[in-house]
Structures are given as C-alpha cells and as structure tokens.
K.L.:
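Pasting in a structure now, in structure tokens, and then I'll have a few things to ask.
We count residues from 1, following the sequence as given. Side chains are part of it too, since the values below use all heavy atoms of this structure and drop only hydrogens, waters and symmetry mates.
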Amino acid sequence: AIQNVFLVLFLASGALSNLLSSSHITGCINDGSESLECTQQMVVAITLEQNQGPTETISISRVTNDDGTISQLEHPSTVACRTTSSYVIYPINRRSLFWADAQERVVFDSGCIDFSYASNPTCGWAFDDTTGQPVTDSQGFCCYCSVWQALHIDDPYSRGNVSCTLGAATAHCLDYKLPLYLSFNVGTSRSVLEITCDLQQWDATTAAYNSHPITLSTSSPGARSSDGFLIGRLEGNFEAYTQPPVLSQKIFFLPWEGSDRATPENQKKYAMLIDRDLVSFDGGTCDRIGTSYSPFRYQSNACRQHTGACLRNQLEDYHQSDLDALEAGGLPQYFVSAYFSPELFQDGDDIFLGYTPTNMQRSVVTLTIKADDMQFVTNRSPGKIVEASLPAFESLTQGSCSAKIRNIGLVIADFTVELHCSSNIQSVEAQQITLQANQTKLVTFRLQTLNGNASESQCEVRLLDSQFEIVDDTVISFETYSVNPTPPPSPGEDDDVPVIEYGNSCSCSFFDVSCMILDFSD
C-alpha cells in the first residue's frame, strides 16, 4: 500500500526561523524512457537567520496508510538545518605603502644649502633604493633672515617662529615616520553564506541512525544527499532592514610593518577606512596622506608659513584622533571598528575585507523530502536583562547602549531586543539573538541624536521571547551634551618643532617617494 508521510516540524527557535510553506507533491524523474519514476515528496520552504545555530529540526514521526489508519514511527527521521557561516565581504585591491607620518625637521645653519645640484645639502638627500640616485626635491628648503627682519622693520620671525638675527638661516627637512600602512581599494559588498542540513535516518540493519548531510552556499546553492532522500536549495535572501555600508569611496589602510600595530590582533584594531579624496597616491598634494618631497619644497610662501605646513592630515593624525575619541568615551570615526568588527579573508590570490553581520538578515531554503503535511512547534524560554548601560555622549555623535541578556529557561531559544528612546534620539533597528539555556550575551546599539542640543533623555530596553511577548524591560536615563566646535588654529600658529639640530650636516631618511608609496603591482 502507498503510504503518505506526515511531518512534524520542531523549531527550537521560532523567532529566527519561519516555515514559509509546505506542499504534498508527487515528484517524478523523466529519463526519456516510457515510464516515469515517481515518489511522494514534500517541498518545504523555510527561512533561517544568518549565523543561526542548529535550531531547525524536521521530524518525520508518523504515517497515514491508504486505508486511513495512522501509524506512529518507532524511529522518526529528522532533518536539522543550521547556518555554519555568514559574512559580508568587500573585494580589496592592493595599492601602495604609506608612511604613518610626515614631519618637518628644522636645522639652524647660517650656511644652509638646498641647491638641486648640491652634493651635500644641509638636510641631506633621500636616495632611490633601486637606482641609488638622489630623489628629486628631497633636500628640503632653506629660509634666510633678511636685513629688514633682523632690524625688525619687517616681520622679525621666520618659519617656525624663528627669531631672526643678521645672517641667520634655517633648513627645513621632510622626514617620514613608521609604521608603514598598506593601502587597498575597496569594492562592492556581497553576502557569503553557507547552510548545512543533515538528514538522520534509521537503519534497521545496523540499528542506528545514518547521517546524510548536504551543504548549501552562495557559490553552490543546490545539493542532494547521497541516497536522494533529501534535496535542498538556497533560494536567496530577503532584503535586510539595514544594508551593508558602501565603502567604494574609501581607502582601506592596514598597519603593515614598523610597530606593534602590525600584529594580527592590532591590525584589526587599528586598520582605518579613509575617504579617497584625503589621499594623494602620486604624492603631489599638500596636507594629504602621502604628501611627498616636491609639494613640501615648493609650497607657497614657505618661509612665512608655520612649522608643519603642508604636512597635516597624515595617517598618524587620524589614528590619534580616534584614540583621543575612545579615551574620552566616544566612538571612532576612522578605525574600521566604526563600521564593523573587521576580518580579512583570502581566496587564492584574492583578498577580502569582511565582517559577520549582526543585523536581521533571513535566507530562504527549500527542502524536498518524502513527506506531506506539517505541524509547526516553537521552543519558548524566559529571558532576563541582567544589566544595561548608556553613558552620556555629545549630541550629533554616536552613543553606545549595551544590554546584557540571559536565557534563564531550560532550552535553546530566540529573543528579540528592542530599544525605544526619547523623541530626540534616532530610532534604531531591533536585534535578534539565539541563546542556549543559561547563556548570557552582550547586545550593543549605536545611537545618534536628531539635533545638537543638550538634553536629558531615556531609552527603554525591551526583551521579547520567541512569541514576541515582552518578558523583561528596563529604562535607562542619560544625558546628551551640546556640540562645542573647536575653532580652527590661527594662520600664524606653529606646531612643535619635532627635532632641532645645529651644524652644517644632518641625517635624513634614506627612502624616496617610491618608498613612501611603494608599488606592489608585482
């Protein structure tokens, strides 16, 4: 007698997964012969949350005979699905090496020499590592005090607030500082996903369950078990509420060598994403990452400028800016952690920058099995907000709200964490998490005010179970303080002079433009 198989679908986590549809069909194979090979099949469409654990279990537990009687299976077959990996990745193309900093060194020397043909200029030469020849314009420039300056008829100060005396002169040299950063172009993001489904089927001969796994991925969206009992297909993803950040107009800078920033742990911590228009790849522009010798030497009205003119906005400046923000309790602006927790992936010669998404992103999977009719069962567990905090932050910058969530029930379950704030705070997307029994997890939200005013505000943290019932909530009061912009420095303000030397000669960096911006095309 033909048997129709009934299924019971047990979802240990209903909040992160949903049964979209199920249907009883007769599946047939047409191989060109006169007869068709047909079997009773069930096509099931389900959704899985990215980074979801093994919370899907389909159990074939009973059969209906053609006479209408129902028999309970002694050894049900099960199919369990889980997301084994989920990433958003950006292809990155290696460009050049950049020094972290470019600094001006001042040498007091009444016999200052900066001629292009000088054999021993006061600043010395930087030499091309390949040809051994001096690098053009690496000798810096000289500033001479005029008679009018010495007599205080004209401005008595030369570059760097040097007080002029008769015959005084200074050499202004460009030195590069470690560490080195490797730069990359950043491409368009794409999702990379892998899902495994495992069929457990009872074998009467061995009196044990046999495993028949299949793996679905964005590169191999379809798979079939060895005995053909289970067929799966990754249909695609629903559009997420929050899209991956667009980074195509950014340059990715990775600490490469020359300091402890280049260790694997610190590379992820201190890697930066900087707007492309803040970078000079040919070294020909002042006040850009990569500023080279020529714009420094030929800057306009050089001897009336402040020390460090033309050398601002280097990688070290952005690095220190983010360190200062973090030390003050704020959030970084240039570190990659301002966007996501970065990872580097390599596939052959291809390198990718990526991260594990924390936003709600669901994938649709269809499973074809010998079955019909399904029942939906959901695990449910109580949860608790162990603690929540939201430090004060400056208006129009990002604040950070953290909530520690615990599953205080007996089974693995899904929870939704929502944040509802005062009207002056921009709304934020809810987060969904899976927790084992007694597991605790820290959930972090980033907040931003809608105006620059100081205010006292509140946010309510709500914890919902798999049935979207509020199981716990707490209210956090916090302050936002108004924006106080720092006025720009006056045109005559001088930086600290990094090094001061006396004499007719000085040491200089033995690297050239090609060292500051090394070509990695090989």
K.L.:
Please check: side-chain N/O of Gln305 versus main-chain N/O of Ala302, any donor-acceptor pairing under 3.5 Å?
P.N.:
no
K.L.:
Could you tell me whether the side chain of Thr356 reaches within less than 4.5 Å of the side chain of Tyr87, counting heavy atoms only?
P.N.:
yes
K.L.:
Give a yes or no on this: more than 12 heavy atoms of other residues, nucleotides or ligands lie within 6.0 Å of atom CD of Glu456.
P.N.:
no
K.L.:
Report the distance from atom OG of Ser321 to atom CG of Asn313, rounding to the nearest 0.5 Å.
P.N.:
10.5 Å
K.L.:
Looking at side-chain heavy atoms only, is the closest gap between Val135 and Phe127 below 4.5 Å?
P.N.:
no
K.L.:
Distance from Ile251 atom CD1 to Leu315 atom CG, nearest 0.5 Å?
P.N.:
11.0 Å
K.L.:
May I ask you to test the Val417-Ile385 pair for a side-chain heavy-atom distance under 4.5 Å?
P.N.:
no
K.L.:
Once you round to the nearest 0.5 Å, how far does SG of Cys123 lie from CG of Asp175?
P.N.:
8.0 Å
K.L.:
With a 3.5 Å cut-off and no angle check, do the side chains of Glu104 and His172 form a donor-acceptor pair?
P.N.:
yes
K.L.:
So, the side chain of Asp317 versus the backbone of Gln314: is there a donor-acceptor pair under 3.5 Å, distance only?
P.N.:
yes
K.L.:
After noting the C-alpha distance and the side-chain angles of Ile195 and Leu193, does the key distance pass the side chain to side chain contact (heavy atoms under 4.5 Å, CB included) rule?
P.N.:
CA-CA 7 Å; Ile195 295 172; Leu193 182 66; 4.0 Å; yes
K.L.:
Is it the case that the ring center of Tyr298 lies less than 6.0 angstrom away from the ring center of Phe141?
P.N.:
no
K.L.:
Write down the atom of Ser191, the atom of Asn237, and the distance for their closest heavy-atom approach.
P.N.:
CB-ND2, 4.2 Å
K.L.:
Going by the rule disulfide bond (SG atoms under 2.5 Å apart), which residues pair with Cys401 if we only count those two or more places apart in sequence or in a different chain?
P.N.:
none
K.L.:
Would the number of heavy atoms belonging to other residues, nucleotides or ligands and lying under 6.0 Å from CD of Glu265 be above 12?
P.N.:
no
K.L.:
Nearest 0.5 angstrom please: Glu194 CD to Thr83 OG1, how far?
P.N.:
10.0 Å
K.L.:
A side-chain contact here means heavy atoms from C-beta on lying under 4.5 Å apart; do Ser363 and Leu234 qualify?
P.N.:
yes
K.L.:
I would like to know whether Phe345 and Phe352 meet ring pair (Phe, Tyr, Trp, His ring centres under 6.0 Å); could you show each step before the answer?
P.N.:
CA-CA 5 Å; Phe345 306 91; Phe352 300 90; 7.9 Å; no
K.L.:
Strictly by modelled atom types, are Gln458 and Ser477 linked by a side-chain donor-acceptor pair under 3.5 Å?
P.N.:
yes
K.L.:
Could you walk me through whether Leu447 and Cys459 pass the side chain to side chain contact (heavy atoms under 4.5 Å, CB included) test, one step at a time?
P.N.:
CA-CA 10 Å; Leu447 310 179; Cys459 283; 4.1 Å; yes
K.L.:
Does Gln267 reach the main-chain N or O of Pro255 with its side chain, forming a donor-acceptor pair under 3.5 Å?
P.N.:
yes
K.L.:
Side chain of Arg462, backbone of Thr416: donor and acceptor closer than 3.5 Å?
P.N.:
no
K.L.:
Look up atom OG in Ser400 and atom CG in Leu390, then write down how far apart they are to the nearest 0.5 Å.
P.N.:
7.5 Å
K.L.:
I'd like to know whether Tyr270 forms a ring pair (Phe, Tyr, Trp, His ring centres under 6.0 Å) with Phe253, so could you lay out the CA-CA distance, the side-chain angles of the two residues, the decisive distance to 0.1 Å, and finally the verdict.
P.N.:
CA-CA 9 Å; Tyr270 295 127; Phe253 286 96; over 10 Å; no
K.L.:
Please walk me through it: do Leu311 and Gln103 pass side chain to side chain contact (heavy atoms under 4.5 Å, CB included)?
P.N.:
CA-CA 7 Å; Leu311 302 179; Gln103 295 183 357; 5.6 Å; no
K.L.:
Determine whether a donor-acceptor pair (N or O, by modelled atom type, separation under 3.5 Å) exists between the side chain of Trp125 and the backbone of Ala118.
P.N.:
yes
K.L.:
Any donor-acceptor pair under 3.5 Å linking the side-chain atoms of Asn453 with those of Ser482?
P.N.:
no
K.L.:
For a 4.5 angstrom cut-off between non-hydrogen side-chain atoms, does Lys441 reach Phe415?
P.N.:
no
K.L.:
Calculate, to the nearest 0.5 Å, the distance between atoms CG and OH belonging to Asp101 and Tyr181 respectively.
P.N.:
10.0 Å
K.L.:
If I compare all heavy atoms of Ala338 with all of Arg446, which pair ends up nearest, and what's the gap?
P.N.:
O-NH1, 2.6 Å
K.L.:
Heavy atoms only: give me the nearest Asp322-Tyr334 pair and the separation to one decimal.
P.N.:
OD2-N, 2.7 Å
K.L.:
Got a donor-acceptor contact below 3.5 angstrom from the Arg288 side chain to the Asp277 backbone?
P.N.:
yes
K.L.:
Output yes when a side-chain donor or acceptor of Asp287 lies under 3.5 Å from a complementary backbone atom of Arg312, and no otherwise.
P.N.:
yes
K.L.:
Just checking, is any N or O donor in the side chain of Ser455 or Thr480 under 3.5 Å from an acceptor N or O on the other one?
P.N.:
yes
K.L.:
Do Phe335 and His319 make the cut of ring centroids closer than 6.0 angstrom?
P.N.:
yes
K.L.:
Can you confirm whether Asn424 sits close enough to Asn451 that some side-chain heavy atom of one is under 4.5 Å from a side-chain heavy atom of the other?
P.N.:
yes
K.L.:
Show, in sequence, the C-alpha distance, side-chain angles and deciding distance for Cys143 and Cys112, and conclude whether the disulfide bond (SG atoms under 2.5 Å apart) test is met.
P.N.:
CA-CA 8 Å; Cys143 289; Cys112 184; over 6 Å; no
K.L.:
Check Ala126 against Ser138 and note the closest heavy-atom contact, atom names and distance.
P.N.:
N-OG, 3.1 Å
K.L.:
Quick check: closest heavy atoms across Gly140 and Asp114, and the distance to 0.1 Å?
P.N.:
O-CB, 4.0 Å
K.L.:
Are any non-hydrogen side-chain atoms of Ser183 and Phe281 less than 4.5 angstrom apart?
P.N.:
yes
K.L.:
Given 3.5 Å as the limit, does a donor-acceptor pair link the side chain of Gln139 with the main chain of Arg297, or not?
P.N.:
no
K.L.:
Looking at Thr444, is its backbone amide N or carbonyl O close enough to the side chain of Gln431 to form a donor-acceptor pair, meaning the two atoms are under 3.5 Å apart?
P.N.:
yes
K.L.:
Test your reading of the model: is there a side-chain donor-acceptor pair from Asn266 to the backbone of Asp260, 3.5 Å cut-off?
P.N.:
yes
K.L.:
Do Leu353 and Leu344 have side chains that get closer than 4.5 Å, going by heavy atoms?
P.N.:
yes
K.L.:
What pair of heavy atoms forms the shortest contact from Tyr318 to Met272, and how long is it?
P.N.:
CB-SD, 4.0 Å
K.L.:
Given side chain to side chain contact (heavy atoms under 4.5 Å, CB included), test Thr291 with Thr285 step by step and report yes or no.
P.N.:
CA-CA 6 Å; Thr291 298; Thr285 307; 5.7 Å; no
K.L.:
Angle class for the Tyr90/Phe340 ring planes (parallel below 30°, perpendicular above 60°, tilted otherwise)?
P.N.:
parallel
K.L.:
Only one of Lys250, Arg94, Arg276 passes side chain to side chain donor-acceptor pair (under 3.5 Å) with Asn185; say which it is.
P.N.:
Arg276
